[in-house]
Amino acid sequence: MKDTAMNGQLVGVIGLGYVGLPLALLFASAGHRVLGIDVDTTRVNSVNAGVSYVEDVASADIARAVGQSALSATTSYDRVPDLDAVIICVPTPLDAHQQPDVTAIIAAVAELAPHLRPGALVVLESSSYPGTTEELVLPAIEATGRKVGRDFHLAYSPERVNPGSGTPLQRIAKLVAGVTPACTDAAMALYGTVFEQLVRVSTPRVAELAKLVENTHRLINISFVNEMAVHARRLDVDVWEVLAAAATKPFGYEPHYPGPGIGGHCIPVDPLYLQWSLQRAGAESLLIEAAHRVNEAMPEHIAFRLQELLGSLQGKQLLLLGVAYKRNIGDTRESPALPLWDRLEAAGARVFYHDPHVPTLRRGPATNQSQPLTAALLRAMDAVVVVTDHGAVDYHLVAREAPLVLDTRNALAAWQRLGHIRRL
Ligand code: SAJ
């Protein structure tokens, strides 16, 4: 339900990435004025120039919002005292030890806390461990002498952006949980002006954990079908036919499909935030550990299959078809193509790639170019590995010209009967 009474707020969005930028536009399109705050000057200048750098966001939409003075961006926190609400959408990656890295949240809160206007609403959207809002954000703001529920409101509302899906953000149900009932009311009032379905939950910890459970569910299910893909050959079945058959079950089953491993900034990361939370509480999830191990081993399995098919990889020329972490986007963060590339080079292969969404790719000191997908290129390879099943690839050309294809995504299902098209 849209509550027009709350329109015309000045809303700050901290972090203008694949979560914050669409959210900023959504609030701008609902009659609010939005101030985007980001540490990256290039992003700030791009927003103010009406140029998008997020695949699901059209430049025209940014330009329109900026032209209507509904959206502007800055690297400065100077205007925090003017803000009615501040929504934090900064990254929460893993550190080098695979532990939660919440430094971006800490930095953002440190900047905004001293300048919050009386009655301002702060909402954290970044995926993080249960307790982040009440153990990390709340004390940092109250350390300025402000009291939650009286001088400011604080809530948690996990982002549910789904890159490349085309699902309108406002139609995705939104969990909302305030530190106090008044905080929840304030967050519901603001979010109610843009989101069609709000789901009120009792505490931020519930919402924080719900988000991690959503993505851990997905990790475990994908890991299981990856495990089936690795072992199906021993059972003398085609795992893709098995999964297609299982997918006909209309209840109690949600289809997932094998791949080269799990990439992105959600599915490989959020379950490890959950595992860390459990370990901090003296527990541990056996399933998360096992799922993580299965997915981490997929690039090794691909290298093993290539060695089965080609013999030694020493000196072989291999083309990775797709390096993005999932189809039809250009994001390579945590992409399984990256460890696969390193593994194949370590085995002595010469690795090339073609990805219509990724023009260049850094691997170590080298910056590699996406090779034009031509018959000559394909014929020059010893094998082509389909890593990402982008739509904008001529798979007929690949099937016709490549001497051998290891298809990790079933992108060449139509040519499966050909002997040189192999699967995991
Ligand atoms: N993947 C598989 N097999 C599958 C599904 C995915 O191997 O059956 C792989 C993808 O190729 C990718 C990784 O898993 O490498 C993650 O893919 P994803 O489809 O989960 O895409 P993400 O990472 O963009 O996840 C987002 C998440 N959204 C939020 O966190 C708000 C996730 O919760 C969604 O479930 C997901 O989109 C979605 O459903 O598309």
Side-chain angles (χ1 to χ4, degrees), residues 17-20 22-23 54-56 89 91-94 125-128 156-175 195 199 207-230 239-240 242-244 246-247 253-274 291-292 294-299 301-302 320-340 355 357-358 386-391 407-411 423-424:
Y18 80 97
V19 173
L23 189 69
V54 172
E55 282 180 87
D56 289 349
C89 304
T92 45
L94 294 167
E125 288 223 355
S126 307
S127 306
S128 189
Y156 183 75
S157 179
E159 58 90 0
R160 280 181 169 170
V161 173
N162 182 2
S165 76
T167 312
L169 192 54
Q170 64 272 25
R171 293 217 189 103
I172 301 173
K174 201 81 165 65
L175 304 183
F195 285 92
V199 180
E208 287 160 342
L209 185 54
K211 168 70 187 198
L212 301 185
V213 164
E214 289 160 19
N215 285 352
T216 302
H217 164 92
R218 192 161 174 80
L219 172 92
I220 288 171
N221 281 284
I222 298 168
S223 310
F224 175 60
V225 294
N226 281 343
E227 208 174 25
M228 285 303 100
V230 169
V239 71
W240 293 92
V242 168
L243 294 174
Y253 180 80
E254 184 188 353
H256 291 82
Y257 298 98
I262 295 184
H265 12 279
C266 305
I267 310 305
V269 175
D270 293 357
L272 296 185
Y273 268 68
L274 175 50
H292 184 60
V294 166
N295 287 301
E296 293 286 291
M298 290 311 286
H301 176 68
I302 293 168
L320 303 188
L321 199 46
V323 291
Y325 81 80
K326 74 173 185 181
R327 68 193 318 266
N328 299 341
I329 65 172
D331 194 339
T332 60
R333 274 178 290 186
E334 303 289 327
S335 172
L338 307 182
L340 176 61
D355 189 316
H357 300 277
V358 183
V386 179
V387 179
T388 316
D389 48 335
H390 290 310
D407 181 4
T408 76
R409 297 284 194 171
N410 202 30
R423 289 191 284 210
L424 278 178

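Ligands are counted one by one from 1 in listed order, and the atoms in each one are counted from 1 as well. When reading the values below, keep in mind they use all heavy atoms of this one structure, side chains included, and skip hydrogens, waters and symmetry mates. Numbers here simply count residues along the sequence, with the first being 1. Quantities reported herein were computed from a predicted structural model and do not represent experimental measurements.
- Looking at residues two or more places apart in sequence or on another chain, you find a side chain to side chain contact (heavy atoms under 4.5 Å, CB included) between E334 and P268.
- In the displayed structure, Y257 atom OH is contacted under 6.0 Å by more than 12 heavy atoms of other residues, nucleotides or ligands.
- Using modelled atom types, no side-chain atom of N226 and backbone atom of V294 make a donor-acceptor pair closer than 3.5 Å.
- Put simply, the side chain of V239 does not reach to within 4.5 Å of the side chain of V225, judged on heavy atoms.
- In this structure a side-chain-to-backbone donor-acceptor pair under 3.5 Å is missing from T332 to V323.
- Between the side chain of T388 and the backbone N or O of R327 there is no donor-acceptor pair closer than 3.5 Å.
- Among protein residues, E159, R160, V161, N162, P163, K211, N215, R218, I222, H256, Y257, I262, G263, C266, I267, Y325, K326, R409 come within 4.0 Å of ligand 1, judged on heavy atoms.
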